[in-house]
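What follows is a short report on a single structure.
Computed from a prediction, not measured in an experiment: that's the story for all the values here. Every chain is numbered from 1 and lettered A, B, ... according to where its sequence line falls, protein lines coming before strand lines.
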2 protein chains.
Amino acid sequence: MRWDEIDSQVCSVARTLSLIGDRWTMLILRDCFLGVTRFSDFQKSLGITKHRLSDRLTKLVDSEIIKKQVYDTSHNRYEYKLTKKGVELYPVLMSLVSWGDKWTVDNDGTPLEYIHSSCGNKIKAGTLCEHCDDPVSAFTVTPILGPGILKKINRGELVDFDNQSIYKSIK
Amino acid sequence: MRWDEIDSQVCSVARTLSLIGDRWTMLILRDCFLGVTRFSDFQKSLGITKHRLSDRLTKLVDSEIIKKQVYDTSHNRYEYKLTKKGVELYPVLMSLVSWGDKWTVDNDGTPLEYIHSSCGNKIKAGTLCEHCDDPVSAFTVTPILGPGILKKINRGELVDFDNQSIYKSIK
DNA sequence: ATTTAAGGTTCCATAATGGAACCATGAAAG
DNA sequence: CTTTCATGGTTCCATTATGGAACCTTAAAT
């Protein structure tokens, strides 16, 4: 299977990664969340080549994760800004940051810190269950088949689907 | 800048993506969390070519996100399992799932559902601040320079560092 | 003696990426 | 009024990464 076919997998991870899972894309989005909007600023911040940046921005606009707006009509200058769909990728970014802060930090400490305006403290972000407020971890979650897979099985699609692993989960 | 140099950026996102940000790696980890452990099962589940899978597994073992263990000494058969470092990537996976469930779902519904063993409900995972329990979103978080950057600036490294964007953040 | 299963490696054609050069527009400088 | 600069790109080409198929190795099973 080629990479550009992974969105055919009936899997939210695969479908999401088909949009944001290639080189540079998440770093571009990191910059978006930090307030970068202009082509040349992305380029300086990232060290990406122009045509690669151009390609990635176009794809992100096509998938409606960012939008391209003229900010200077006389010059045709543009700014790229997150859409609602894009803003909602923030948990992905924060979870990457949290993990990186713990496992890839050097002796100097964490590169950035994040202040939560609700309480004024440094963020200690956790993934919690909104029903019980307990932390969500691989050991307290059991995946089960959802309608997105079950309906396709009932219609005879996914004939060679192997659901063994789902019921094993992580031990 | 080449992709294999991004871990030189003083940024937890870049450093994390240098380990798990290339094609296939997150999908391999998805399978790890679902209970897949064997080379051939990864290959069947992912549709990845053998040498690419071999390459990715080796890199994940090198970065201590998974470990390779013999499960059949007479045959030299191996299983790959998440380490503590790897298990802690679960929030990254769940945030990708949550976003994908919302923005990439088809008419049939979500592919998988996740039951939280703490409360028995379907997971509604949210990224919350552990100080105030309020949701963490791009609009309620302000990034500031941390010691990992400040100390390097004080030592005269990062001379051409541009922190403009950090103070803009997202509006 | 041959086949099968697991877990790979090798070879080669194709696709993605990186670096450098080039282009277009309008504003600013001399 | 000619040249230079800033922004936001595109083109060309060499280098890397990836995909597909074939092949390899060990030990058991037929």
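A donor-acceptor pair under 3.5 Å is formed between the side chain of A:T83 and the backbone N or O of A:E64.
When rounded to the nearest whole Å, the span between CG of B:L53 and P of C:dT10 equals 16 Å. As a whole-Å value, the separation of B:Y78 OH from D:dT26 C1' is 11 Å. Counting to the nearest Å, the C1' atom of C:dA15 and the CG atom of A:D4 are 10 Å from each other. Distance, B:D41 CG to C:dG7 C1': 12 Å, rounded to whole Å. Rounded to an integer number of Å, the gap from A:Q43 CD to C:dG18 C1' is 12 Å. Remark: C1' of C:dG7 and CD of B:Q69 are 16 Å apart, rounded to the nearest angstrom. A:D55 places its CG atom 12 Å from the P atom of D:dG9, with the value rounded to the nearest Å. One atom, CG of B:D22, and another, P of D:dG19, lie 11 Å apart when rounded to the nearest Å.
Taking only side-chain nitrogens and oxygens, B:W24 comes nearer than 4.0 Å to OP1 or OP2 of D:dG19. Phosphate proximity of C:dG8 to B:Y80: present, with a side-chain N or O under 4.0 Å from OP1 or OP2. Phosphate proximity of D:dT10 to A:S54: present, with a side-chain N or O under 4.0 Å from OP1 or OP2. The phosphate of C:dG8 has OP1 or OP2 within less than 4.0 Å of a side-chain N or O from B:K68.
When distances are taken from the side chain of A:R56 to each of D:dG9, C:dT17, C:dG8, the shortest belongs to C:dT17. Checking C:dG7, D:dG8, C:dT17 against the side-chain heavy atoms of A:R23 singles out C:dT17 as nearest. Counting only heavy atoms from C-beta on, A:R52 has its side chain closest to C:dG18 among C:dG8, C:dG18, D:dT10.
Summarising the local packing, CG of B:D72 is surrounded by more than 12 heavy atoms from other residues, nucleotides or ligands at distances under 6.0 Å. Residue A:K122 qualifies as open at atom NZ: its count of foreign heavy atoms under 6.0 Å is 12 or below.
Contact annotation for B:F42: no contact, since no heavy-atom pair falls under 4.0 Å across all strands. Among the protein residues, B:Y71 comes within range of the sugar-phosphate backbone only, with heavy atoms under 4.0 Å from sugar or phosphate atoms but none that close to a base. Using a 4.0 Å heavy-atom criterion, one finds that A:K44 contacts no nucleic acid atom at all.
Listed by chain and number, the residues in a side-chain contact (heavy atoms from CB on, under 4.5 Å) with A:Q43 are A:I48, A:K50, A:L53 (sequence neighbours excluded).
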Quick one: what's the B/S/- string for nucleotides 19-27 of chain C, heavy-atom cutoff under 4.0 Å, read 5' to 3'? B------SS
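Annotation: B:F33 is in aromatic contact with B:Y90 [ring centroid separation under 6.0 Å].
A salt bridge is defined here as a Lys NZ or Arg NE, NH1 or NH2 lying under 4.0 Å from an Asp or Glu carboxylate O, and B:R15 with A:D106 meets this definition. By the 4.0 Å N-to-carboxylate-O rule, B:D55 lies close enough to B:R52 to be salt-bridged with it.
With hydrogens and angles left out, the side-chain atoms of B:S12 and A:D101 include a donor and acceptor closer than 3.5 Å.
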